[in-house]
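I have placed the structure first, in the form of structure tokens, so that the comments after it can refer back to it.
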Amino acid sequence: MAKLTVTLPDGTPLELEAGASGADAAAAIGPGLARAALAVRVDGEIRDLAAPLADGERIEIVTAMSEGALELIRHDAAHVMATAVCELYPGTKVSIGPPIESGFYYDFEFPDGVTVSESDLGRIEERMAEHIAADETFERADIAVAEALERFRGEEQPYKVELIEDLVRDEGVETVSLYRNGPFTDLCKGPHAPSTGRIEAVKLGSVAGAYWRGDETRRMLTRIYGTAFFSRKDLSAHLERIEQARARDHRRLGPELGLFMFREESPGMPFWLPQGTVLLDLVEAEVRAQLDKRGYLRIDTPQILDEQLWHRSGHYDNYRENMFFAEPSERERDEHARRFAIRPMNCPGACLVFADGRHSYRELPLRLAEFGRVSRYEREGVLHGLLRVRAFTQDDAHVYCTREQAADEIVEIVSAIDELYARFGFDKVDVELSTRPEKSIGSDEEWEEAEGMLRDALERIGREHRVNPGDGAFYGPKIDFHVTDALGRSWQLGTCQLDFFMPERFDLTYQGADNRDHRPLMIHRALLGSMERFAGILIEHYGGRFPDWLAPTQAAILPVADRHGDAARALGAELAALGVRARVDDRGESVGRKIRDAELAKVPYMLVVGDRELEAGGAAVRSHADGDLGTMGAGAFAARIGAGGE
RNA sequence: GCCGACGUAGCUCAGCUGGUAGAGCACUUCACUCGUAAUGAAGGGGUCCCCGGUUCGAAUCCGGGCGUCGGCUCCA
């Protein structure tokens, strides 16, 4: 009888009967592995355990411990969910159900009149549990395209038919694979675990709408999200992580800590409360430090400008659906009265500043920075706390320079970004290069040159980056900067965009050494992007417990009894003079209560003032992080937390 | 914009199948003057998101709108 030999991960050869499968290989290695086997990785690619092996392949048995195993059973779980859903809601049309980072989903079209909401997830889960308990086998069948089309047409599964037709058209396939588990058969390229019983812990999460193939013009399907793990323990750890993220949610912490609030009267536009305004000021001071250090000049330009300006800048044609317009009430009587727009970007204002007067080449690069408040009409349904708003302040700047100077400027901007982010505890900065979008102005050659300049600058400083095709601004390509927060989530912050066109449109010139007029290049750049959004990210990054220097209130001064009130207030004044942000809590409450409230407000230090402290002079310092620090005076405390600038 | 859910006191929420509202915390007042995560008592506070409709009667049922949440699309 013919034999075949495969190589195991440690290099040892394994001889098997011809036609042997991954399951046979696992069994040959040992009964324990045979039981644990979920799939087999052949030359790096995961396949079904039942698939036949070929001579000379390098194989690895995939178990729950292996990389990719979680994706495998989550994909299994998606099939099981579809099985349950199709049983509970006959006539359901299925589409696709892949594993995703945190679990899986499946998109369904339910029969007319049937809606599924989160309250239905329990019964779907119950039905899934039955199929998992039954330990149904995943059986693969490779069939001809014609047969598959006939089958899915007969079953009135139009999405599957469309998927097959596209596979034929785009990849020229002649056969497709089907997987059956229990009563359910799905078009699927696999692989799958041997049976449904391998899914130990599964949990459905939420129901959401999702366009078929992500296309807004096509039908909206009902997406059900879920997740699956190899153990109940892993599942509860996952649910706990979600709980943690919830506890850090800036939308919850913001109002709780008195940082900001939202009101129905102005959806998507935050109201900053006193504590939050302190936070914003502290963030702004860090940005200003970078501006001062790097030769920026500060300007401030209007938020409302004539509509004509926006025609000139190209925003009206390319950005109108995101803009708010403002009309004077005069228009009620006179329709010819001027129309204004509320700026969605600061660049036209900066261009008007540059256009004022003549500029010599000796002035370049001219760096004009502006903490510019912009307003953008974001579609309802996309707003999300501070992270997606309709009005925000950009730490914006526009650098006017020559083409020769551009690369140096970009390098300088990247350096400012690295320094600034590190200051806030973000050490890992990812860079993304976005190229020409469909809706844009300018010629191909200019875009190519601009994209090349950005690429060259990144290469010069040896910065790795990802390319994001078609994601640039309408006036130029850009580099975006992302950070990863304490929970491992990625956020886009800064941006650096090259622009040949705005200077053209505003006819900006400088006088060169040759005494002739030249067109400057313009770089739009923001270090933090949106100040408000960045504050929201900081809140989540620190879970509301800011480092000492960033805490809006650094110390709560707690008099033990009323007779200590004067001493407490005197201490407060002394600390204020030293640049410490302290707050006296002189309510008629117990010390225990005041401490509790200060803890809940996430104030890093508590200064207790009682008889003992009056005598010693100072306050008993309790820190959230380190507990009792002993008694010290105002000067020693201020020095400890590095007040008055570091 | 689209799909689904939700909207009751400042906050978190209760209020079954229709009979015009309740708790805890917060707030105010009084008493207590307190030593490292909640002192006690009393009191005030609500167009039940808005507009229509059904009904003798709507927080509750129906329709429309607004807002919020989870997603999709879009996006800083």
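Nucleic acid contact for A:Phe108: none, since no nucleic acid atom lies under 4.0 Å from a heavy atom of the residue. In this structure, A:Gly627 reaches neither bases nor backbone, as no heavy-atom distance under 4.0 Å exists between it and the strands shown.
In this structure, A:Leu383 atom CG and B:G71 atom C1' are separated by 14 Å, rounded to whole Å. Atom CD of A:Glu378 is separated from atom P of B:U73 by 16 Å (rounded to the nearest Å). Atoms CD1 (A:Ile595) and P (B:U39) sit 11 Å apart, rounded to a whole Å. When the P atom of B:C69 is taken as reference, atom CD of A:Glu380 falls 13 Å away, rounded to whole Å. Taking atom CZ of A:Arg379 as the reference point, atom C1' of B:G71 lies 14 Å away to the nearest angstrom. Look at CG on A:Leu558: it is 12 Å from P on B:A37, rounded to the nearest Å.
Pairing for B:C2 is with B:G71, a Watson-Crick or G-U wobble pair whose two hydrogen-bonding atom distances lie under 3.5 Å. A 3.5 Å limit on both hydrogen-bonding distances identifies B:A31 as the Watson-Crick or G-U partner of B:U39. Shown here, B:G24 forms a base pair with B:C11; the pair counts as Watson-Crick or G-U wobble because both key distances fall under 3.5 Å. Shown here, B:G45 forms no base pair; nothing in the strands shown gives a Watson-Crick or G-U wobble contact with both key distances under 3.5 Å.
Less than 4.0 Å separates RNA chain B from at least one heavy atom of each of the following residues of residues 392-399 of chain A: A:Phe392. Contacts of residues 90-105 of chain A with RNA chain B (heavy atom under 4.0 Å): none. Listed by residue number, the members of residues 604-624 of chain A with any heavy atom below 4.0 angstrom from RNA chain B are A:Val608, A:Gly610, A:Asp611, A:Arg612, A:Glu613, A:Ala620, A:Arg622.
A cation-pi arrangement is present between A:Arg74 and A:Phe229 under the rule of less than 6.0 angstrom and at most 45 degrees off the ring axis.
In terms of the side-chain contact (heavy atoms from CB on, under 4.5 Å) criterion, residue partners of A:Leu282 (sequence neighbours excluded) are, by chain and number, A:Val278, A:Leu550, A:Arg581. Checked against side-chain hydrogen bond (donor to acceptor under 3.5 Å, both in side chains), A:Asp548 has the following partners two or more places apart in sequence or in another chain: A:Tyr605. Residues passing the side-chain contact (heavy atoms from CB on, under 4.5 Å) test with A:His541, sequence neighbours excluded: A:Phe426, A:Asp485, A:Ala486. With sequence neighbours left out, the salt bridge (charged side-chain N to carboxylate O under 4.0 Å, His left out) criterion links A:Glu284 to A:Arg288. A:Pro111 meets the side-chain contact (heavy atoms from CB on, under 4.5 Å) test with A:Thr92, A:Val114; sequence neighbours excluded.
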Under 3.5 Å, which protein N or O atoms sit close to an N or O of nucleotides 42-46 of chain B? Give each pair with its distance.
none

Enumerate the protein-to-nucleotides 25-28 of chain B contacts in which both atoms are nitrogen or oxygen and the separation is below 3.5 Å.
residue: B:A26; atom: OP1; partner: A:Arg593; partner atom: NH2; Å: 2.1

Protein-nucleic acid N or O pairs under 3.5 Å, nucleotides 3-10 of chain B:
residue: B:C3; atom: O2; partner: A:Gly209; partner atom: N; Å: 2.9

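In this structure, of B:C34, B:U39, B:G70, it is B:U39 that holds the atom nearest to the side chain of A:Ser590. When each of B:A38, B:C2, B:A76 is scored by its nearest atom to the side-chain atoms of A:Val389, the top-ranked nucleotide is B:A76.
A:Arg213 and A:Asp166 are joined by a salt bridge, as a carboxylate oxygen and a charged side-chain nitrogen come within less than 4.0 angstrom of each other. A salt bridge is absent between A:Arg583 and A:Asp585; no separation between the charged side-chain nitrogens and carboxylate oxygens falls under 4.0 Å.
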Taking distance alone, no hydrogens or angles, what donor-acceptor pairs closer than 3.5 Å link side-chain atoms of residues 624-632 of chain A to residues at least two apart or in another chain?
residue: A:His624; atom: ND1; partner: A:Glu599; partner atom: OE1; Å: 2.9
residue: A:His624; atom: NE2; partner: A:Arg545; partner atom: NE; Å: 3.2
residue: A:Asp628; atom: OD1; partner: A:Gly630; partner atom: N; Å: 2.9

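OP1 or OP2 of B:C69 has at least one side-chain nitrogen or oxygen of A:Arg251 nearer than 4.0 Å.
In summary, the aromatic rings of A:Tyr377 and A:Phe324 are positioned with their centroids under 6.0 Å apart. With ring centers used as reference points, A:Tyr89 lies 6.0 Å or more from A:Phe108.
Here CD of A:Glu321 is found 10.5 Å from CD of A:Glu378. Values are rounded to the nearest 0.5 Å.
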